[in-house]
Amino acid sequence: MKEISKHYNPSEAEPKWREFWEKEGIYKFNPKAKGEIFSIDTPPPYVSADHLHAGHVMSYAQAEFVVRYKRMRGFNVYYPMGFDDNGLPTERFVEKKYKINKSKITRSEFIKLCLKETKKGSETYRKLWSLLGISVDWTKTYSTINDHCRKISQWSFLDLYRKNKIYKAKKPILWCTTCRTAIAQADLEAEEKESNLVYIKVKAETGDTLVFATTRPELLPAVMGISVNPKDKRYKKLIGKKVTMPLTKKKVVLTADVATNMEYGSGVVYYCSYGGGECIEWLSRHPEAEPTELILPNGRFSQAGGKYEGMKVLEVRKMIVEDLEAVGAIEKIEPIKHSVYTHERCGTDVEYIESDQWFIKILEAKNDFLKRGKELKWHPKEMKKIYDEWVENIKWDWCISRQRYYGVPFPVWYCGKCGEIILPEEKDLPVDPLEEQPKIKVCPKCLSAGEADGGKKFIPEQDVLDTWATSSLTPIIAQKLVSEKPIQEKLYPSSLRPQAFEIIRTWLFYTIVKSHYHHNHLPFRSAMISGHGLDEQGRKISKRLGNYIPPEKIIEEYGADAVRYWATGATLGQSLKFNILEVKKGRRTTTKLWNVARLLSMHTKKPMLVGSKDKLEKSDLWILQEMNKTIAAVTKNFENYTYAKAKEEIDKFFWSKLADYYVEFVKYRLFGSDKKSKDAAIKTLSTVFFSILKMYAPIMPFVTEEIFQTFFRNMEKVKSVHVSVWPEKMKLSSKPDISDFESAIKAIDEIRKAKTKQGISLGAEIESMELKTKVNVKKYGVFLKNVGRVKKII
RNA sequence: GGGCGCGUAGCUCAGUUGGUUAGAGCAUCUGUCUUACAAACAGAGGGUCAGAGGUUCGAUUCCUCUCGCGCCCACCA
């Protein structure tokens, strides 16, 4: 055994082992290795998050604990790493950072900036992950904008198109006027906002005055109709009569509509194109109504807005109320709070405009998706509710086209003559229709119509795919990073999808959609959902609040093991406050481990496990028994992904049983002259400590590796503690009866208490002691006298 | 408005199918440099288990209601 330093120094040890793992390929996936495959569908983080914090650390560390455990259980672990560097989040990030927007920069310049930031971002992540000792295989990485992912993403489009799960249609859709793109229902966020409920008076042709209430008076120029409930006695006689809108003087017919709530406002509703989903639904029941294109994609009023043309929505809202007031058309204005849909990426109020977009059919298969959700093993299982609730409430097909720059292009051209959709061959993927023309020379539709001459020009689709349209394919993307076909089949469905709860409706749901349509099975067998990392006050960590210490700083000061130790404290699915005290406790645990190792090294050069010939004493049997209990509990907890509980069990055993008791119990034997007794103590201590080391290994990979390599290298023929076998229970002969050993421990406690009370050192030897604890002195006398340092027990 | 989760010692949290005196860590206080560790050890104090009611021989645990916090969802204009 090597001469060892007095203190464990993480800042020296950690880089050393990082390098070692990398060099030896400890975490590298070996397709030929034995063992059942355990594949992880690692979340590819948005590289646009340039400042990482404890929340990121927590959510990635959680999967990591389980992965390391599985590896030690003999699974052939496939742990790739991806970066999501495509799509709107990246674009928004670049726009904000460089204070530009889509309309003020050329497409190629913009993409260049995105690529630059993307590269920086993924380096930031990679650096932190390797500092933390996340055991991913760095030879298996992808970035969602690279060729590999674009190819798979476009293949997915072609496959779904062939399967008739994708369509293009012009209809009212969700639109963000800031990002100037269509968005999907999943991109919405409901936000409680202050608004005004404006009561507007209108004249019916009968001369009666009607009043309707609205929060969107600015849409008056796009009025489609006005309705009351058919059962509403107040208005029954007016149904079918024409009413004249103020200002615009537009005439619409008062219709009956069952969806009208008689209690709300005045019981009269007006519908415009489009005030919201309810207007679109109303239109489907009143096809005679005519929509007006009032709001343009840039959020300004069109010509149809008359005097308001060119103004922004909120400006018109203010102005039109003044104008209505001037003509005496306002009855009253009620300030209200109501929830408004905003675009989650930028916070802009969502508009509903008519537009030509691509959709994936999800409405028709809701029940299938619910069934898939049922098949999936959820950890914790309550998270399934979020999923179910989401799927049940889907109201729109998944709009996948974005009028943006930086993303995977649609593999689509249109015939310049007949508009026919032209798709590339699968083998030619990935394609960029803006840069290249289709391989076919003539539009097949034109050809068959005998118009071959006209169908030779092809117009590229300008849009890019929704970022989720690509990231919903991560299990397949990861699978295809491995070239061996028979192995590929075992990698997908993935064994585990670790992710945060807030992207259940997006990442998790969309991945299920894709997998269901492409392969008719689940994309992963189980999902492990993490909560939020919060700051010490329990607030969400954010760059804006600046309420976090950069993880690199914490690692520098306390070591990666200590930071990971804190992260282990999270109950799955629940938020975890950052707690520097837990980090410090982690640091103390590494020190403690180091100290026990030092003690052991003082007494043996070559630690060995307990064998059948060893003469074990009562305390040895006791600690081995306790070890067995701990191994069982820790294993069970890792199996259930309840690593917080697992850590607690190891801590309890290590600190309270081994360090505080057992080590004290055997000191007299270690320093005594009875060779056999000393030998048994050393072997027991080695055995127990070795298994503790292994149990801590998934949580604190660095210190455990340092100790393993320094002291236990000879124990197993493996390169690293992280590929050693998980500890198993030891078979114990029950010859010496130790069922009453607890009474001996109580007696020791009593001696310690007495000494403490007298203010004397526990190491000081006292003459005699009268025990109140009932203990078999004949059996444990020698033990008590030696451990308690009492000459005579009465 | 509906659903889910939470409310236990000053702080952060455990409390397994209801069962003696409700636990741990940190913090506080008192001792101890004891042949691994003072970054440690030994000990002590500290709780109407959010509140009210109910079921039960017995409730932190089960049921109902109330209050507070967090989250998810909902077209009520």
Side-chain angles (χ1 to χ4, degrees), chain A residues 4 6-8 189-190 195 197-199 212-217 219 226-227 257 259-272 275-282 336 338-339 341 380 382-390 392-393 395 501-502 504-505 531-532 534 536 538-540 558 566 569-571 573-582 584-585 587-603 633 644-645 648-649 651-652 655-656 659-660 663-664 667-668 670-671 685 748-749 751-765 789:
Chain A
I4 52 149
K6 191 160 183 201
H7 296 287
Y8 171 68
E189 198 169 79
S195 185
L197 189 59
V198 183
Y199 288 73
F212 68 86
T214 179
T215 51
R216 302 210 59 184
L219 296 177
I226 184 162
S227 289
D257 191 272
T260 311
N261 184 340
M262 293 186 267
E263 326 275 279
Y264 194 92
S266 56
V268 185
V269 202
Y270 95 133
Y271 291 97
C272 344
E278 69 282 0
C279 291
I280 296 161
E281 280 167 29
W282 178 89
I336 56 160
H338 70 155
S339 80
Y341 279 126
E382 304 90 74
M383 290 296 171
K384 181 173 172 289
K385 284 207 176 94
I386 296 182
Y387 175 86
D388 287 345
E389 203 164 53
W390 177 254
E392 279 159 13
N393 283 307
K395 297 205 168 50
F501 73 90
E502 69 263 39
I504 287 177
R505 70 182 196 190
H532 268 306
L534 305 174
E536 302 211 49
R539 297 171 303 175
K540 201 171 164 175
Y558 300 99
W566 158 74
T571 304
Q574 282 187 358
S575 54
L576 177 69
K577 287 180 198 169
F578 180 72
N579 187 351
I580 196 70
L581 291 171
E582 275 299 301
K584 286 182 180 168
K585 197 185 160 197
R587 177 83 160 97
R588 285 208 303 279
T589 306
T590 62
T591 307
K592 193 83 174 172
L593 282 165
W594 189 247
N595 281 319
V596 174
R598 284 182 59 222
L599 169 78
L600 191 57
S601 76
M602 286 171 170
H603 298 282
K645 201 89 205 295
E648 217 181 286
E649 292 286 347
D651 277 347
K652 219 164 57 188
W655 285 84
S656 318
D660 293 346
V663 167
E664 295 305 321
K667 272 184 183 164
Y668 76 95
L670 294 178
F671 291 94
L685 186 57
I748 295 290
D749 285 342
I751 297 168
R752 285 174 171 178
K753 236 175 252 184
K755 285 188 175 178
T756 299
K757 219 172 181 181
Q758 290 169 53
I760 55 170
S761 155
L762 295 176
E765 195 168 47
R789 304 212 179 191

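Quick note on labels: first sequence line is chain A, next is B, and so on, each numbered from 1. This structure is a prediction, so every number in the text was calculated from the model and none was measured.
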| How close or far is atom P of U12(B) from atom NZ of Lys584(A), stated in whole angstroms? | 17 Å

| So, is Ser266(A) near the phosphate of A77(B), with a side-chain N or O under 4.0 Å from OP1 or OP2? | no

| OP1 or OP2 of A40(B) under 4.0 Å from side-chain N/O of Arg588(A) | yes

| query | According to the interplanar angle, ranging from 0 to 90°, do the rings of Trp594(A) and Tyr8(A) count as parallel (below 30°), tilted (30 to 60°) or perpendicular (above 60°)? | reply | tilted

| request: Could you check how far CG of Asp660(A) sits from C1' of C41(B), rounded to whole Å? | output: 7 Å

| Nearest-neighbour nucleotide for the Thr260(A) side chain, U35(B), U34(B), A77(B) considered | A77(B)

| query | Of the nucleotides A14(B), U32(B), A77(B), which has the atom closest to the Ser761(A) side chain? | reply | U32(B)

| request: Using modelled atom types only, decide if a donor and an acceptor are shared between the side chain of Lys577(A) and the backbone of Glu536(A) within a distance under 3.5 Å. | output: no

| query | To the side chain of Tyr264(A), which of A77(B), A40(B), C6(B) is closest? | reply | A77(B)

| query | What nucleotide among G43(B), A36(B), U34(B) has an atom nearest to a side-chain atom of Met602(A)? | reply | A36(B)

| message | Using whole Å, what does the distance between atom C1' of nucleotide G1(B) and atom CG of Asn393(A) come to? | response | 13 Å

| message | Looking at Lys585(A), I'd like to know whether one of its side-chain N or O atoms comes within less than 4.0 Å of OP1 or OP2 on U12(B). | response | no

| request: Assess whether one donor atom and one acceptor atom, taken from the side chain of Lys592(A) and the base of C37(B), lie less than 3.5 Å apart. | output: yes

| query | Between Asp388(A) and Lys384(A), is there a side-chain N and carboxylate O pair less than 4.0 Å apart? | reply | yes

| Atom P, compared across C41(B) and U35(B): separation rounded to whole Å | 15 Å

| When rounded to the nearest Å, what value does the distance between P atoms of C11(B) and G51(B) take? | 15 Å

| query | Rounding to the closest angstrom, what is the interatomic distance between C73(B) and G10(B) at atom C1'? | reply | 37 Å

| message | For the C1' atoms, the ones on G45(B) and on G5(B), what distance do you get once it is rounded to whole angstrom? | response | 34 Å

| field | Which nucleotide in A36(B), C41(B), A77(B) has an atom nearest any side-chain atom of Arg598(A) | value | A36(B)

| task | Compare side-chain N and O positions of His532(A) against OP1 and OP2 of C71(B) and report whether any pair is under 4.0 Å apart. | result | no

| note | Nearest-nucleotide check on RNA chain B, Ser656(A) vs Lys385(A); residue mapping nearer the 5' end is Lys385(A)

| task | Assess whether side-chain contact (heavy atoms from CB on, under 4.5 Å) is satisfied between Trp566(A) and Phe578(A), documenting all intermediate values. | result | CA-CA 8 Å; Trp566(A) 158 74; Phe578(A) 180 72; 3.8 Å; yes

| remark: Of the listed A77(B), C41(B), C37(B), the closest approach to the Asn595(A) side chain comes from C37(B)

| query | Roughly how far apart, to the nearest Å, are G53(B) and C13(B) at atom C1'? | reply | 29 Å

| field | Rounded distance (Å) that lies between atom P of C72(B) and atom CZ of Phe501(A) | value | 6 Å

| task | Ignoring the backbone of Lys645(A), work out which of A42(B), A36(B), A14(B) is nearest its side chain. | result | A14(B)

| Presence of Tyr341(A) side-chain N/O under 4.0 Å of C75(B) phosphate oxygens OP1/OP2 | yes

| query | Is the backbone of Arg587(A) close enough, under 3.5 Å, to the side chain of Lys592(A) for a donor and an acceptor to pair up by distance? | reply | no

| field | Phosphate OP1/OP2 of C11(B) contacted by Lys577(A) side-chain N/O (<4.0 Å) | value | no

| field | Residue Glu664(A), side-chain heavy atoms: nucleotide from G2(B), C37(B), A77(B) that is nearest | value | C37(B)

| query | Is there a side-chain polar atom (N or O) of Lys395(A) under 4.0 Å from OP1 or OP2 of C75(B)? | reply | yes

| request: Select one nucleotide: of A77(B), C72(B), C37(B), the one nearest the side-chain heavy atoms of Ile386(A). | output: C72(B)

| message | Quick check on RNA chain B: between Gly759(A) and Arg789(A), whose nearest nucleotide comes earlier from the 5' end? | response | Gly759(A)

| note | Taking C26(B), C73(B), G43(B) as options, the one with an atom nearest any side-chain atom of Arg505(A) is C73(B)

